[in-house]
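For reference, positions follow the sequence shown, starting with 1.
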Amino acid sequence: MSDVNLSEINSLARQLVHDLVPYASARSSMSGGAIWLNANENALAPAYQLDGTFNRYPSCQPKAVINAYADYAGVAAEQVLVSRGADEGIELLIRSFCEPKQDSITLCPPTYGMYAISAESNQTAVNKVLLLNSESLDLPGIFATNPKLVFICSPNNPTGDVIAQQQIIAVLEHFNGRALVVVDEAYIEFAPEASVVPLLSRYPHLVVLRTLSKAFGLAGLRCGFTLGSVDVINALKKMIAPYPIAEPVAQIAAMALSAAGIAQMQQSVATINQLRSNFIAVAQHLPGVSRVWPSNANYVLLQVTDAAECVSALIKEDILIRNQSSQLGLSQVVRVSIGNPDEMQRLITAMQNYFLNDKRVSA
Ligand SMILES: *Cc1c(COP(=O)(O)O)cnc(C)c1O
C-alpha cells in the first residue's frame with residue numbers, strides 16, 4: 001500500500017482523464033476583487049432560511065419543485081427533470097443519447113463551453129458550426145452534420161442575443177426523427193417572449209434547458225431543469241443519480257418558485273435589463289470599443305482593442321470581467337456581467353478612465 005506512489009495512481013486513470021482539459025469556470029480561473037462581473041451571476045440575490053432535519057434521503061425528483069417548475073414553465077409535470085444545475089442536464093443528455101466513440105453532437109461557437117467538455121468526457125465527437133457574424137445559425141453547415149444532439153444556446157452565452165425562432169424551427173424540421181434539438185434557455189427570463197417552450201407540443205425531439213442560477217439569483221444552489229417529451233425525460237431519469245437534489249436545495253428551490261419568489265425574480269430582471277441598457281449606451285460611445293453585441297441576457301459582449309489589457313486594468317480597480325477571446329470565432333472580446341447599480345456605476349467609471357483618459361497609465 002505505502003509504496004503505491006502518486007505516478008502509479010495517475011497511471012491507473014483512464015487515458016481519457018489524462019487527456020481531458022477541465023472546464024475553466026469564472027470562479028476557478030479568477031479570484032479576489034470586490035466586484036464580480038465575470039460569471040453572469042445575479043447580484044440582486046434574495047436570502048432564504050431553512051428549517052427541518054435532514055436525516056432522511058431526499059426524493060429523487062421532489063414533487064413540490066417539479067410541480068412548481070411545470071406551472072412556471074407552462075408544461076406538464078412529466079415533462080420536467082430537475083438536476084444539479086443545467087450542467088447536469090447537459091451531461092445526462094449526452095450520456096443518455098450518445099454512444100461513446102460512435103455518435104456526435106453539433107454546437108455553434110462561440111457558445112457555452114460545457115457542451116464540448118461533457119461530450120469529450122463521454123468520448124463523443126463534436127461538430128462545430130460557427131455562428132454567422134457571431135449572431136445567427138449557419139443552417140446549411142448544421143444540416144451537413146449527422147449528430148445525435150444539436151445544442152443551440154438562446155440567448156447565447158457569451159454573445160447575448162437570442163437565436164431567431166424561425167432558425168430553430170428549421171433545425172427542428174431538418175432533424176425530425178434523427179436527433180434531439182436542445183435549446184439552452186439559461187437566460188430566457190431576460191427575454192421570456194423568445195422561449196421555444198410553446199414548440200414542445202409540436203416537436204417531441206425538442207429539449208429545453210433551464211436554470212435557477214441566473215435570473216433567480218441562485219447559482220450557489222446548483223439547481224436546473226430539463227424540459228422535454230415524456231420519453232426524453234424518462235430516458236434521463238434512468239441515468240440520473242438516485243439522490244441528485246439535496247433536501248435543502250429542494251426546499252429553497254420550492255420557495256424560489258413560489259408566486260412571491262417568481263415576482264421577486266421578475267423585479268430583479270427588470271432592474272438588470274434597465275442597467276444593461278444604460279451600460280450599453282455608455283459602452284457604445286467609448287473609443288476603443290469597436291463592437292457591442294446586442295444583449296437579451298444579464299451580460300454584454302464587447303470587442304475592444306486589447307482584451308487582456310482591459311481585463312487587467314479593471315482588476316486594478318477591483319473589478320472582475322471575463323476575457324472571452326479564446327472562443328472560436330471571436331477575438332479581443334470581453335464579457336461583462338450586469339451587477340447591482342453601485343457595481344455598474346463603478347464599472348462605468350473604471351471603463352471611462354481606462355478608455356477615455358490616460359489609457360497607458362491606468363493599464
Ligand atoms: C450558466 C449556464 C449554464 C449552467 O447552469 P447551471 O444551472 O448553473 O449548471 C448552462 N448553460 C448556459 C448557457 C449557461 O450560461
Side-chain angles (χ1 to χ4, degrees), residues 26 35-47 69 72-74 86 110-112 134-136 152-165 168 183-198 208-219 224-225 256-286 289 291-303 319-322 324 333-352:
I35 300 179
W36 291 356
L37 303 178
N38 61 338
N40 294 351
E41 295 150 337
N42 183 345
L44 313 174
Y69 204 86
Y72 164 68
T111 194
Y112 187 53
S134 65
E135 277 175 347
S136 59
I152 298 170
C153 188
S154 178
N156 186 45
N157 181 2
T159 52
D161 210 0
V162 296
I163 302 294
Q165 198 153 119
I168 296 176
V183 180
D184 186 340
E185 294 191 342
Y187 300 94
I188 200 65
E189 286 83 2
F190 298 98
E193 65 289 345
S195 176
V196 296
V197 162
V208 177
L209 293 167
R210 296 284 191 85
T211 180
L212 298 186
S213 295
K214 309 291 165 47
F216 283 90
L218 288 167
F225 298 89
L257 293 166
S258 67
I262 290 168
Q264 187 167 13
M265 175 277 287
Q266 286 165 337
Q267 187 64 52
S268 98
V269 162
T271 303
I272 289 164
N273 284 346
Q274 184 61 54
L275 289 166
R276 183 191 64 220
S277 303
N278 298 347
F279 174 73
I280 287 177
V282 173
Q284 275 169 337
H285 292 105
L286 291 172
V289 175
R291 180 172 173 188
V292 181
W293 274 257
S295 175
N296 274 289
N298 66 337
Y299 51 88
V300 180
L301 190 69
L302 311 173
Q303 188 156 46
I319 300 170
L320 305 186
I321 63 170
R322 194 151 207 219
Q324 290 277 352
V333 288
V334 295
R335 191 193 64 194
V336 175
S337 306
I338 303 301
N340 67 33
D342 178 53
E343 291 170 333
M344 294 313 288
Q345 194 47 59
R346 288 179 59 181
L347 172 74
I348 286 170
T349 304
M351 288 187 85
Q352 285 172 332

Exercise: identify the closest heavy-atom pair between Ala215 and Ser268: O-OG, 3.7 Å
Closest contact, heavy atoms only, Ile188 versus Ala194: CD1-C, 3.8 Å
Considering all heavy atoms, the nearest Gly217-Pro46 contact: O-CD, 4.4 Å
Sub-4.5 Å side-chain heavy-atom contact between Leu302 and Met351: yes
Output field: ring centroids Phe216/Tyr72 closer than 6.0 Å: yes
Separation between CD of Gln345 and CG of Leu275, rounded to the nearest 0.5 Å: 10.0 Å
More than 12 heavy atoms of other groups within 6.0 Å of Glu135 CD: yes
From CD1 (Ile272) to CZ (Arg276), nearest 0.5 Å: 9.5 Å
Distance (rounded to the nearest 0.5 Å) between Glu189 CD and Ser195 OG: 9.0 Å
Close side-chain approach of Gln284 and Val289, heavy atoms under 4.5 Å: no
Identified side-chain hydrogen bond (donor to acceptor under 3.5 Å, both in side chains) counterpart of Tyr187 within the set Asn156, Thr211, Asn298, Asn40: Asn40
Matching residue for Arg335 among Thr159, Asn38, Asn157 - test: side-chain hydrogen bond (donor to acceptor under 3.5 Å, both in side chains): Asn157
Gap between atom CD1 of Ile35 and atom CG of Leu320 - 0.5 Å precision: 9.0 Å
Close side-chain approach of Ser337 to Lys214, heavy-atom, < 4.5 Å: no
Close side-chain approach of Ser295 to Leu301, heavy-atom, < 4.5 Å: no
Stepwise side-chain contact (heavy atoms from CB on, under 4.5 Å) test for Leu347 and Leu37: CA-CA 9 Å; Leu347 172 74; Leu37 303 178; 4.0 Å; yes
Derivation and outcome, side-chain contact (heavy atoms from CB on, under 4.5 Å), residues Val292 and Phe279: CA-CA 10 Å; Val292 181; Phe279 174 73; over 6 Å; no
Closest contact, heavy atoms only, Ala43 versus Asn340: CB-N, 3.7 Å
Verdict with reasoning, Ser134 to Gln303, per side-chain contact (heavy atoms from CB on, under 4.5 Å): CA-CA 12 Å; Ser134 65; Gln303 188 156 46; over 6 Å; no
Smallest separation among heavy atoms of Ile319 and Ala350, with atom names: CD1-CB, 3.9 Å
CH2 (Trp293) with more than 12 external heavy atoms under 6.0 Å: yes
Flag, side chain of Ser154 to backbone of Ile163, donor-acceptor distance under 3.5 Å: yes
Side-chain donor or acceptor of Glu185 paired with backbone N/O of Val196 under 3.5 Å: yes
Test side-chain contact (heavy atoms from CB on, under 4.5 Å) applied to Val333 and Arg291, step by step: CA-CA 9 Å; Val333 288; Arg291 180 172 173 188; over 6 Å; no
Note, Asn296 side chain near Phe190 side chain (heavy atom, < 4.5 Å): no
Sole candidate of Glu41, Gln274, Met344 that passes side chain to side chain contact (heavy atoms under 4.5 Å, CB included) when paired with Ile338: Met344
Check: Ala39 main-chain N/O paired with Arg322 side-chain donor or acceptor under 3.5 Å: no
Heavy-atom pair of closest approach, residues Val197 and Ala73: CG1-O, 3.5 Å
